Amino acid sequence: MAKLEILEFPDPRLRQVAKPVEKVTDELRTLIDDMFETMYEAPGVGLAATQVNVHQRIVVIDVSEEQNEPLAFVNPQVEVLDEEIHQYDEGCLSVPGFYETVERPRKVRVKALDRGGEPFAIEAEGLLAVCIQHEIDHLDGKLFVDYISPLKRNRIRSKLEKSQRKRA
Ligand code: QAP
Ligand code: CO
């Protein structure tokens, strides 16, 4: 297993749209395992392949308290089940240190392939629903900061650019 490097906002590679996976191979399973390791070490509750500079439609999530309920989604497709909108203070491993309130549909159904390449579907509410929508956004090149005001987004951008310069 290997820990992967996570791209940080405003890296333009986070804007790439990921391509569907054609076949779930052993190589892809290794990537999924490395993504889980990277997410658990962070620690985080969700990670999209885009964030580790792999532009394929893969997401890993674990919103359980014990961090022992890994969910892998290959080619996820989301369907809104409830028009009701909920607010959640979202963060992101690619936007470290910043949290902002985002509104999203509260209940969704997700269809995807699992780590074994088998199709499955789940219905999600609460944190899981937030996380799934946040991660699928990454596959489409979108970030939670796109939903907040340009003023707040630009402040976050400058602060992150500054800390990235210090590290470089
Ligand atoms: C997406 O985000 C998410 O700023 C996953 O310094 C977030 O795992 C879905 C993290 C909120 C639903 C609600 C963020 C770690 C982790 C940070 C994460 C940080 C260290 C974020
Ligand atoms: Co994120």
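Counting starts at 1 for both ligands and their atoms, following the listed order. Just so it is clear, the structure is predicted and the values come from calculations on it, not from any experiment.
- In the vicinity of V95, heavy-atom distances shorter than 4.0 Å reach the ligand 1 atoms 4 (O).
- Atoms of ligand 1 found under 4.0 Å from any heavy atom of H134, numbered from 1 in the order shown, are 1 (C).
- Scanning for side-chain contact (heavy atoms from CB on, under 4.5 Å) contacts around Y99 gives an empty result, with sequence neighbours left out.
- The number of protein N, O or S atoms lying under 2.8 Å from the Co ion (ligand 2) is 3.
- Contact check on D140 versus K142 returns no salt bridge, with no Lys/Arg side-chain nitrogen under 4.0 Å from an Asp/Glu carboxylate oxygen.
- Ion pair E84/K107 not flagged as a salt bridge, since none of the NZ, NE, NH1 or NH2 atoms sits closer than 4.0 Å to an Asp/Glu carboxylate oxygen.
- Ligand 1 has no nitrogen or oxygen under 3.5 angstrom from a nitrogen or oxygen of V130.
- Looking at G97 next to ligand 1, an N or O pair under 3.5 Å apart turns up.
- Looking only at heavy atoms of the protein, atom 21 (C) of ligand 1 is closest to L93 N, 3.7 Å.
- Against a heavy-atom cut-off of under 4.0 Å, V45 is close to the following atoms of ligand 1: 5 (C), 8 (O), 18 (C).
- Within the listing of ligand 1, atoms 12 (C), 13 (C) sit less than 4.0 angstrom from a heavy atom of L127.
- When all heavy atoms of A2 and D34 are compared, the closest pair comes out as N-OD1, 2.8 Å.
- Look at E79 and R109 and you find a salt bridge, because one of the NZ, NE, NH1 or NH2 atoms lies within 4.0 Å of a carboxylate O, short of that distance.
- In this structure the side chain of M35 reaches within 4.5 angstrom of the side chain of I58, judged on heavy atoms.
- Residues P10 and Q164 share a closest heavy-atom pair of CD-OE1, 4.0 Å.
- A salt bridge between R15 and D146 is present, with a side-chain N of the basic residue lying under 4.0 Å from a carboxylate O of the acidic one.
- Between V45 and D62 the shortest side-chain heavy-atom distance does not fall below 4.5 Å.
- In this structure, V95 and E8 have side chains that are not in contact, with every pair of non-hydrogen atoms separated by 4.5 Å or more.
- Closest to atom 14 (C) of ligand 1 among all protein heavy atoms lies Y99 OH, 3.2 Å.
- Taking the charged nitrogens against the carboxylate oxygens, D137 and R104 do have a contact shorter than 4.0 Å, which makes a salt bridge.
- No hydrogens or angles considered: a donor-acceptor pair under 3.5 Å links the side chains of S94 and Q51.
- Of the heavy atoms in M39, none comes closer than 4.0 Å to ligand 1.
- Within the 4.5 Å cutoff, side-chain heavy atoms of V110 are placed close to those of V108.
- Those atoms of ligand 1 that come under 4.0 Å of a heavy atom in Y88, given as number and element, are 13 (C).
- For ligand 1, the atoms lying closer than 4.0 Å to a non-hydrogen atom of G46 are 5 (C), 8 (O).
- Not a single heavy atom of F144 sits under 4.0 Å from any atom of ligand 1.
- Taking a cut-off of under 4.0 Å to the non-hydrogen atoms of E135, the atoms of ligand 1 that pass are 1 (C), 5 (C).
- Protein heavy atom at the shortest distance from atom 11 (C) of ligand 1 is G91 N, 3.6 Å.
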(Q) Applying ring pair (Phe, Tyr, Trp, His ring centres under 6.0 Å) to F98 and F9, what does each step give before you reach the verdict? (A) CA-CA 11 Å; F98 296 90; F9 178 68; 9.1 Å; no

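- Contacts of P43 with ligand 1, taken as heavy-atom pairs under 4.0 Å, involve the backbone alone.
- Of the heavy atoms in L47, none comes closer than 4.0 Å to ligand 1.
- Taking every non-hydrogen atom of E90 and a distance limit under 4.0 Å, the qualifying atoms of ligand 1 come out as 11 (C).
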